[in-house]
Each structure stands twice: as structure tokens, then as C-alpha cells.
2 protein chains.
Amino acid sequence: MKTSITVAIVEDKEPIRQSLAILVDGADGFFCQATFETAEAALDYLPGHCVDVVLMDIDLPGMNGIDCVRHLKPRCPDTQFMMCTMYDEDETVFEALKAGANSYILKRSPPHKLLEAITELHEGGAPMSSTIARKIAGSFHVNRSTPTELDVLTPREREILDRLSKGHSHKEVAEELFVSPTTVRKHIFNIYEKLQVHSKVEAVNKYLGRR
Amino acid sequence: MKTSITVAIVEDKEPIRQSLAILVDGADGFFCQATFETAEAALDYLPGHCVDVVLMDIDLPGMNGIDCVRHLKPRCPDTQFMMCTMYDEDETVFEALKAGANSYILKRSPPHKLLEAITELHEGGAPMSSTIARKIAGSFHVNRSTPTELDVLTPREREILDRLSKGHSHKEVAEELFVSPTTVRKHIFNIYEKLQVHSKVEAVNKYLGRR
DNA sequence: TCATCAATACCGCATTTGTATGATTTTTAA
DNA sequence: TTAAAAATCATACAAATGCGGTATTGATGA
């Protein structure tokens, strides 16, 4: 037989905590090992009894759920933390991820979705409510509206500039592209002429559109 | 009746393109409106005939799928782009998201998962293969411009770094601050130590909060 | 077909930069 | 008041960079 996924719940509101515990314990393959009303109580118990998955409310009395994760994650690196909350404000989401949460689910999700998410989380995924996922993906999106200035560069030149922008040296770029360092230098020289700059930092600034 | 989700496929390898098209067209509620072998062909057609969802391979001959998305997204802002590829290297994933992709699915995903993902994408989600989602969530945990990292710098060091970020040379900074070039170099060396970098571009990237 | 451009490559020189060591003077904090 | 941190300057060397010229090959286009 396969062992159950052990779960802990941190949630201050009695009825919600109860129904979550019942949901988890009632399902096949899940075991609700502990529930806590406060972040402090969880901090006290969990480091010695690491569970597979923690469902963490954010809006708790005293220490909030995000800070609780921040403290717990280093001490229970194998435990997966699922933020489980009402709100989906940008800042809260990103703070939670920075703190070490692996998943962010809105409480309005239907029960079967929650169980699915716990399983997915335990199997190495990072389940997110769809609006959350969209926020996260969108946070990477940069509108690098080609300021026509970069259009004068050849594809090769752009590739080299891109690597320079990552902090690579002439030699490193040469090795990455399997060409000689002198070739790279020549390309860079051409890039400088086209962009009217005289150093890497200036070129990279133009490339990344920061003025 | 509800209208079908219109889909376009960009994939150079014939058999994969075919089976994707058949999969999509054969399923209820989906309509494969167009397929392309190259990014260039997609760039030519799509801006005039925006579809709901584009399945985009990354490893294409000529322009790659990421650059293709970069060009298409601004012109088809309502179209959702799903990267659909073999590999899951960090850089590729983040580049795709920066370019405007909303979803990133590995080709090894089973067919029914792919259809589910298309639906989820169309409904406002951002479906990711689990390993990808974990990468993305994790990227917030470790990096992201950490204001705390710059806190270790002294005000003077920050001032110097700020001028470096504008593309000024050691000597120029020295003149601006009325100190000797060697002093500036000493400061820069200390900055590098604190930020754990070895070049101006890397330091400036950290200063301006890139990865 | 010829001209142009992109990509490759080499040589060389002066300057800038990265790294290291050491020292003096302010400023700040304990 | 004393110790620690910050800012200043010097010297030195090796590596990286910026700038100039030149040249071959392949692709593109007029």
C-alpha cells in the first residue's frame, strides 16, 4: 500500500479549519496530522514533526501566514506550503512566493480541486489558482517595444548583446557561440557603432531599454 | 451553442504538427484554424487573423518560437500563447514568459492534458507543466531583486554604483565625485565583493534588479 | 554578374578594469 | 573614549576592453 500524504492546517477560523480537516481526512490517501489556530502554534510544532503539505491561511491573528512560511521553510525544506486564502492581491502573492510557498490557492476553489492540488503539490508541481497563475506569468512579461534602435542590429549581434547583458565577458561569449574571441570583439565593436555607445554597460542599457 | 476555441499551431516537424492538428480538430469545442512550419509564416498570417490560442514550438528553423511570440504578442494581445516544447531549461522558460507567453507545456504531456491546458488557458489561467511551475515559483524564492542585497552597500558605494549604471567609467565617476580614480576602484572592488559579482554589467544588473 | 552585407578571423596598441596589498583619516557606534 | 566602519589614496600587475585596420567566405539582391 502507498502511504498517505500527511497534511497540516493552519487556519484561525474554527468552521473553516474543521471542514478542511474533515475534507482531507475523509479523502483516500490523505491524512490530516495536525491543525493550528495560529502561526505561533504551527512554528512550535512543525519543525519537529515535518509533514508533507501545509495548508496555510494568510490572514491570521498575530503572525501572518506568510511570515510563518518564511520561518518554517528553512527548517522543513521538504515540506510543501500551500497558501490557502481569500484574497489575490499582487503583493501578497509575490510575498508568499518569496517566502517560500510553492502553491497559492483561493479558498473559493471547490473541494475536489483542493485535494487535486495537494496531490499535485506533493508530486512536485506548484498548483496555482488560475487568476494567480496568470498574475505570476504576467509579472515576467516585459514590453520591450523594439525601439527601432535595436532593429539595425543583425540577429548575430543581438545574440551577442543578449549574452553581454547577462554579464558574460568577450571570452565567455566566444566559447558559448563557438567562435573566436576576436570575432566577438569585432561584433561588439560594430554594435557600439550602430548604437552610438562606447561601453558594455551603455550598450546593455540600450538593449534592456533602461535609460 | 458555444463557439469553439480557435487554435493555431507552429511546429516545424511534420508528424508532430499533424498529430497536434488532428488532436485539436478532433476534440469537441476546438478548431484548428491554421498550422505553420516556421515562425516567419506565423508572423505573416496571424496578425490579420488572430486566433484564441497558439501552440508554439520553440526550436524552429530560422526565427525561434520565443522571438516569434515577442513579435506577435503586441499585435495580437488577446491571443494566448502556449509554449509547447521538449526542453525545460531555466533560461528558456523565463525568456518565454518575458516575451509574453502565458503557458509552458512539455511535449511529453499526455494529449488529454494538452486539451485541458488549452481550455484553461482560454479561460484565463496559465497552465504550466508541473516541473515548469515549480521553477517559476522557485525563481521568486531565490532571486528577484532583493532590496536587502543592496542594503549591505554604504551610501557612497550606492552612489558610485548608480553612476556606473549610467555607463560612466571609473575615471568619469572619480571626476564627478572629486576623488581619485583609485578610490573609485577601491569602492567598486568592495561593491563586487558584497554583491558577489566580478564585472560592471553584473553589478549594474543587480543594482537595477534583474536576474 | 557584381556589389553589398553579414559573419568569421587576425594583428596590434592604448586604456580600462579586476584583483591584491597596504595605509591614513573621518565618521559612527558601542 | 575607544573600537569598528567608511572613505580616502597609493602602487602594481594581469586580464579585459575599446578602437583601428585588414581579409576571406557565403548569402542576398540589384
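First the proteins, then the strands, lettered A, B, ... as listed; each starts at 1. Only this structure's heavy atoms are used, side chains among them; waters, hydrogens and symmetry mates stay out.
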Fill in: Flag side-chain contact, heavy atom, 4.5 Å: A:Glu11 against A:Leu55
no
Worksheet item: Do the side-chain N or O atoms of A:His170 get closer than 4.0 angstrom to the phosphate oxygens (OP1, OP2) of D:dG18?
Response: yes
Discussion item. So if I take every side-chain heavy atom of A:Lys194 and compare against D:dG18, C:dA6, C:dA7, which nucleotide ends up nearest?
Written reply: C:dA6
Worksheet item: Quick one: B:Glu175 CD to D:dC9 P, roughly how many Å, whole number?
Response: 13 Å
Fill in: Heavy-atom pair with the smallest gap, counting every atom of A:Met82 and A:Ile118
CE-N, 3.7 Å
Worksheet item: Can a side chain N or O of A:Thr154 be found less than 4.0 Å away from OP1 or OP2 on C:dA7?
Response: yes
Worksheet, complete the sentence: A:Ile188 atom CD1 is separated from C:dT8 atom P, nearest whole Å, by 13 Å
Worksheet item: How many Å lie between NZ on A:Lys200 and C1' on C:dT17, as a whole number?
Response: 10 Å
Worksheet item: Would you say B:Arg156 reaches D:dT8's phosphate, i.e. side-chain N/O to OP1/OP2 under 4.0 Å?
Response: yes
Fill in: side-chain contact (heavy atoms from CB on, under 4.5 Å) partner of A:Tyr104, chosen from A:Thr131, A:Leu97, A:Thr92
A:Thr92
Worksheet item: Between A:Arg185 (CZ) and D:dA15 (C1'), how many Å, whole number?
Response: 11 Å
Worksheet item: Below 4.0 angstrom from OP1 or OP2 of D:dA7, is there any side-chain N or O of B:Thr183?
Response: no
Discussion item. For B:Ser199 and B:Lys186, find the nucleotide of DNA chain C closest to each by heavy atoms; which residue's nucleotide sits nearer the 5' end?
Written reply: B:Ser199
Discussion item. Can you see if the side chain of A:Ser180 gets near the phosphate of C:dC10 - specifically, an N or O under 4.0 Å from OP1 or OP2?
Written reply: yes
Worksheet entry | Any side-chain heavy-atom pair of A:Arg163 and A:Leu177 under 4.5 Å | yes
Worksheet entry | Residue whose nearest DNA chain D nucleotide is more 5′ - B:Val179 or A:Lys171 | B:Val179
Fill in: Distance in angstrom units between A:Leu153 CG and C:dA6 C1', rounded
13 Å
Worksheet item: Within the structure, does a side-chain N or O atom of A:Tyr192 lie under 4.0 Å from either OP1 or OP2 of D:dC19?
Response: no
Worksheet item: What integer distance in Å separates B:His198:NE2 from D:dA16:P?
Response: 13 Å
Response to the item:
To the nearest angstrom, the CZ-C1' distance between A:Phe189 and D:dG20 comes to 6 Å
Practice prompt. Please determine, for the side chain of B:Thr182, which listed nucleotide (D:dG20, C:dT17, D:dT11) has the closest atom?
Written response: D:dT11
Practice prompt. Would you tell me whether B:His168 and B:Glu176 have side-chain atoms, one donor and one acceptor, within less than 3.5 Å of each other?
Written response: yes
Worksheet entry | Distance, rounded to the nearest Å, where A:Leu177 contributes CG and C:dA7 contributes P | 11 Å
